[in-house]
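Here the structure is laid out as structure tokens; the discussion comes afterwards.
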Amino acid sequence: MSDFSALLQKPEFPRSAKYDAGWMIDNQMGPNALWLVEWLCESLDLKPGMRVLDLGCGKAITSIFLAREFGVRVVAADLWMSPDNNWKRVVEAGVADLVCPIKAEAHALPFAAGYFDAVVSVDSYQYYGTDELYIDYLSRFVRPDGQFGIVEVGLARELDNGPPASLTEPQSNGKAFWEPACRSFKTAEFWRKLWRGSPLLTDVSVDMQADGWRHWRDFEVVVEAAGKSIFPSYAEALEKDHGQTIAFLRLTARRTAKESDDLYDPALGVKFGVDV
Ligand SMILES: C[S@@+](CC[C@H](N)C(=O)[O-])C[C@H]1O[C@@H](n2cnc3c(N)ncnc32)[C@H](O)[C@@H]1O
């Protein structure tokens, strides 16, 4: 593979710039996860030794980044990716004492109440977090005053008339950007309302990454040039859209001290005496 290091050096992401370009490209699952998690961490207060859940960690490169950059202890949880392969990456990255990979489904998390100091999630939360009550469930695992930090693909504006042609029409490589699952992309206002509605959260803040679409497009171009695309490149559609529709959103909040309900608990029927 040619040397793509120079193309992956962005002044906005000085920490990510220290990581090997080939490693970043080999372990990508779409947008550049290190750039996204570095942007997220600007809004978090992570201290060495904190327990962090990296939910939907994919190939665990964000977990490795968090451990290396902040000395936090990370549970790297993912549904589709094998913890065996993630463990190999963790060991090779020299953070075996800080990162524990597991297979987990976001609605059936195997942790004690209040175990984590923070939950972090990069380019994943949109797959399960749009359910109004999900954040209440997730809050169960975070201690009072603990932190939430999510970065996800979202919308720069409401799509009252559906997605624009620039996203639905096939690109020259034959692939259209917009798929049915993109229905889960929501605006900053949607997330603000959803999270501010939860009695378990305080200090809710949602913002949009400046030039997020450009960063995604730039990374798509590099990954394609390196011959490492998992899917046909979305660069052309992102360029056409020019940030009119597609954006990266950052959600942060803190946990209140209120107790959370576990509405995904399969034993709930028994607890309430309606299924004995
Ligand atoms: C686009 S990938 C991003 C992975 C990684 N965070 C990154 O940025 O490279 C989305 C990840 O979300 C995970 N995911 C989707 N639904 C999930 C669920 N219900 N529970 C746990 N993980 C889930 C998938 O396994 C996948 O690895």
Side-chain angles (χ1 to χ4, degrees), residues 29-31 36 40 52-58 62 75-81 102-116 118-144 146-160 162-163 178-208 245-272 274-275:
M29 292 184 70
L36 293 176
L40 175 61
V52 176
L53 172 62
D54 185 358
L55 187 55
C57 69
T62 49
V75 175
D78 196 81
L79 184 60
W80 307 336
M81 295 297 119
I102 66 163
K103 192 169 197 73
E105 202 286 310
H107 300 83
L109 297 173
F111 308 110
Y115 181 74
F116 291 104
V119 175
V120 162
S121 182
V122 174
D123 189 20
S124 173
Y125 196 76
Q126 68 271 17
Y127 294 118
Y128 40 81
T130 54
D131 168 5
E132 187 111 17
L133 301 177
Y134 180 72
I135 190 63
D136 291 15
Y137 166 74
L138 186 59
S139 297
R140 178 178 202 280
F141 305 102
V142 178
R143 68 160 168 83
Q147 303 168 72
F148 298 84
I150 310 292
V151 178
E152 58 186 354
V153 184
L155 298 178
R157 62 186 169 95
E158 267 317 335
L159 298 181
D160 296 328
W178 195 268
E179 294 167 356
C182 297
R183 296 187 331 280
S184 71
F185 298 172
K186 305 291 184 190
T187 61
E189 196 40 45
F190 170 93
W191 289 110
R192 226 171 263 133
K193 199 167 163 228
L194 195 73
W195 276 26
R196 287 190 179 150
S198 170
L200 303 170
L201 298 186
T202 182
D203 300 342
V204 172
S205 165
V206 182
D207 65 337
M208 197 190 297
T245 315
I246 298 300
F248 286 112
L249 303 179
R250 171 171 60 185
L251 287 60
T252 58
R254 283 199 179 257
R255 175 78 162 88
T256 63
K258 291 199 175 73
E259 212 164 287
S260 81
D261 293 325
D262 183 356
L263 291 173
Y264 298 98
D265 179 359
L268 219 53
V270 175
K271 185 173 158 193
F272 291 128
V274 292
D275 183 20

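Values below: every heavy atom of this structure, side chains too, minus hydrogens, waters and symmetry copies.
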Run the side chain to side chain contact (heavy atoms under 4.5 Å, CB included) test on F116 and V52 for me, step by step, so that the C-alpha distance in whole Å, both residues' side-chain angles and the decisive distance to 0.1 Å come before the verdict.
CA-CA 6 Å; F116 291 104; V52 176; 5.5 Å; no
Does the pair D203 and T252 meet the rule for a side chain to side chain contact (heavy atoms under 4.5 Å, CB included), with working shown?
CA-CA 8 Å; D203 300 342; T252 58; over 6 Å; no
The test is side chain to side chain contact (heavy atoms under 4.5 Å, CB included); show your working for D123 and M29 and say whether it passes.
CA-CA 9 Å; D123 189 20; M29 292 184 70; over 6 Å; no
Taking it one step at a time, do S124 and L55 satisfy side chain to side chain contact (heavy atoms under 4.5 Å, CB included)?
CA-CA 8 Å; S124 173; L55 187 55; 5.7 Å; no
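The shortest heavy-atom contact between D78 and W80 is OD2-N, 3.0 Å. Closest non-hydrogen pair, C57 versus T62, comes out as O-OG1, 4.2 Å. The two residues V270 and D275 have their closest heavy-atom pair at CG2-O, 3.2 Å. Shown here for T130 and S184, the closest heavy-atom pair between the two residues is CG2-O, 3.8 Å. Between K186 and L249 the shortest heavy-atom distance is O-CD1, 3.3 Å. Nearest heavy-atom pair across D54 and S121 is OD1-CA, 4.4 Å.
Looking at V119 and F141, their side chains never come closer than 4.5 Å, going by heavy atoms from C-beta outward.
Distance alone, capped at 3.5 Å, is enough to place a donor-acceptor pair between the Y134 side chain and the A106 backbone. Judged by distance alone, with hydrogens and angles left aside, the side-chain atoms of T202 form no donor-acceptor pair with the main-chain N or O of T256 at under 3.5 Å. Side chain of R192 to main chain of V206: a donor-acceptor pair is present (N/O by atom type, distance under 3.5 Å, no hydrogens or angles). Between the side chain of Q126 and the backbone N or O of E152, no donor-acceptor pair lies under 3.5 Å.
Applying the side-chain hydrogen bond (donor to acceptor under 3.5 Å, both in side chains) test to residues at least two apart or on different chains, the pairs with a partner in residues 103-115 are E105-H107.
Taking the six-membered ring where the residue is Trp, W195 and Y125 present perpendicular rings, their angle passing 60° and hence far from 30°.
Here the options are Y128, Y264, F111, the test is ring pair (Phe, Tyr, Trp, His ring centres under 6.0 Å), and the partner is Y137; only Y264 passes. No option in V142, I135, D136 other than I135 meets the side chain to side chain contact (heavy atoms under 4.5 Å, CB included) test with L138.
A side-chain donor-acceptor contact under 3.5 Å links R157 and T245.
Atom CG of L194 is separated from atom CD of E189 by 11.5 Å, given to the nearest 0.5 angstrom.
Every residue was checked against the ring pair (Phe, Tyr, Trp, His ring centres under 6.0 Å) condition with F190, not counting sequence neighbours, and none meets it. Shown here are the salt bridge (Lys or Arg N to Asp or Glu O under 4.0 Å) partners of R183, two or more places apart in sequence or in another chain: there are none.
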